[in-house]
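What follows is a short report on a single structure.
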Amino acid sequence: MHLSALMDEAFFARPPDLVASELLGARLLVNGCGGVIVETEAYGPDDEASHSFKGPTKKNAAMFGPPGTVYIYLSYGRHWCLNFVCTPGSAVLIRALQPCEGFGLMSARRSMSDARVLCRGPGNLCQALGVTIELNGLLATSPPFSLHARQDETVVVSGPRIGISKARDRPWRFGVLNSSYVSRPFRRS
DNA sequence: CCGAAGATCTGCT
DNA sequence: GCAGATCTTCGGC
């Protein structure tokens, strides 16, 4: 059994929907806390729902950084959300993890210990992993981040993205089939 | 300069 | 199922 491959810049330098689906099953750690990615969403450059749609601003500058850049923003004034940049102006939002490392610390940060809920949803996930704006603009391929490609076969399902008002028809939310750690169930077609 | 809009989450009905 | 919390950035005037 070999060690799983670390992800590199080339992995991210591709269309966001492809990267979003391939990140499922990968292991994401921040300072040793984290788990297996089970839910993601893709946001493209020509995508009305994307923060990058109207071009670079102070807030979204990281979205135009090199592939693999970490883009973090504050949602509704309370929740941090974690993204990885793909091609310029595109990114993948990490929406849920299946916890596997640093369970005690994550539980303390979240003041709860239900594994199903610990890293469910982009805001909860960032709270559990200690992700804040301080990590914005760093590279996902270097500490404190650690990303390992998946080793097992992962069956991917997709559906409409959550919480957006524009471009609702794009099926750019991706999840691991039958995972009980996703933020909301995927409806079968 | 001020107003509105969020890639959310929790608690209450 | 729905409303409220909470705050920064952006865009219009």
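A quick note: this is a predicted structure, and the numbers were derived from the prediction, not measured. Note on naming: letters A, B, ... go to the chains in the order of the sequence lines (proteins, then strands), and numbering restarts at 1 for each one.
Taking only side-chain nitrogens and oxygens, A:Thr57 never comes nearer than 4.0 Å to OP1 or OP2 of C:dT9. Of the side-chain N and O atoms in A:His79, none sit less than 4.0 angstrom from OP1 or OP2 of B:dC9.
Residue A:Tyr43 contributes atom OH, which lies 7 Å from atom P of B:dA7 at whole-angstrom precision. In this structure, the CD1 atom of A:Ile133 is 15 Å from the P atom of B:dA7, given to the nearest Å. For the pair A:Ile72 CD1 and C:dT9 P, the computed distance is 15 Å after rounding to whole Å. Counting to the nearest Å, the P atom of B:dC9 and the OH atom of A:Tyr76 are 10 Å from each other. For A:Lys58 and C:dC10, the NZ to P distance is 8 Å, given to the nearest whole Å. Per the geometry, CG belonging to A:Leu125 stands 17 Å off P belonging to B:dA7, to the nearest Å. Atom CD of A:Glu48 is separated from atom P of B:dA7 by 13 Å (rounded to the nearest Å). As a whole-Å value, the separation of A:Leu118 CG from B:dC9 P is 13 Å.
Closest-nucleotide positions on DNA chain B for A:Ile164 and A:Val117 were compared, and the one nearer the 5' end corresponds to A:Ile164. Judged by closest nucleotide on DNA chain B, A:Ser165 is the one of A:Gly121 and A:Ser165 placed further toward the 5' end.
Across all strands shown, A:Met63 has heavy atoms under 4.0 Å from base atoms, whether or not it also approaches the sugar-phosphate. Using a 4.0 Å heavy-atom distance criterion, A:Arg78 is classed as a base contact. Across all strands shown, A:Leu93 has heavy atoms under 4.0 Å from base atoms, whether or not it also approaches the sugar-phosphate. Residue contacts shown for A:Arg184 are absent, as no nucleic acid heavy atom lies under 4.0 Å away. Within 4.0 Å (heavy atoms only), A:Asn60 reaches no atom of the nucleic acid at all.
In this structure a side-chain-to-backbone donor-acceptor pair under 3.5 Å is present from A:Arg110 to A:Leu118.
Atom CG of A:Asn178 sits in a sparse spot, with 12 or fewer heavy atoms from other residues, nucleotides or ligands closer than 6.0 Å. The environment of CZ in A:Arg184 is sparse: at most 12 heavy-atom neighbours from other residues, nucleotides or ligands sit within 6.0 Å.
In this structure, the nucleotide among B:dC9, B:dA7, C:dC10 sitting nearest to the side chain of A:Tyr71 is B:dA7. Considering only side-chain atoms of A:Asn124, the nucleotide from B:dT10, B:dT8, C:dC7 that sits closest is B:dT10.
Under a hydrophobic clustering in which Ile, Leu, Val, Met, Phe, Trp and Tyr are joined whenever their side-chain heavy atoms come within less than 4.5 Å, directly or via other members, A:Tyr73 and A:Phe84 fall into different clusters.
A donor-acceptor pair shorter than 3.5 Å can be found between the side chains of A:Glu39 and A:Ser183. Checked by atom type, the side-chain pair A:Arg95/A:Thr40 shows no donor-acceptor distance below 3.5 Å.
Nucleotides C:dT6 and B:dC2 have their P atoms positioned 22 Å apart, rounded to a whole Å.
Pair check for B:dC12 finds C:dG1; Watson-Crick or G-U wobble, both atom distances under 3.5 Å.
Remark: ring of A:Tyr73 does not overlap the six-membered base ring of B:dA7 in a stacked fashion, as centroids less than 5.5 Å apart with planes less than 30° apart are not both met.
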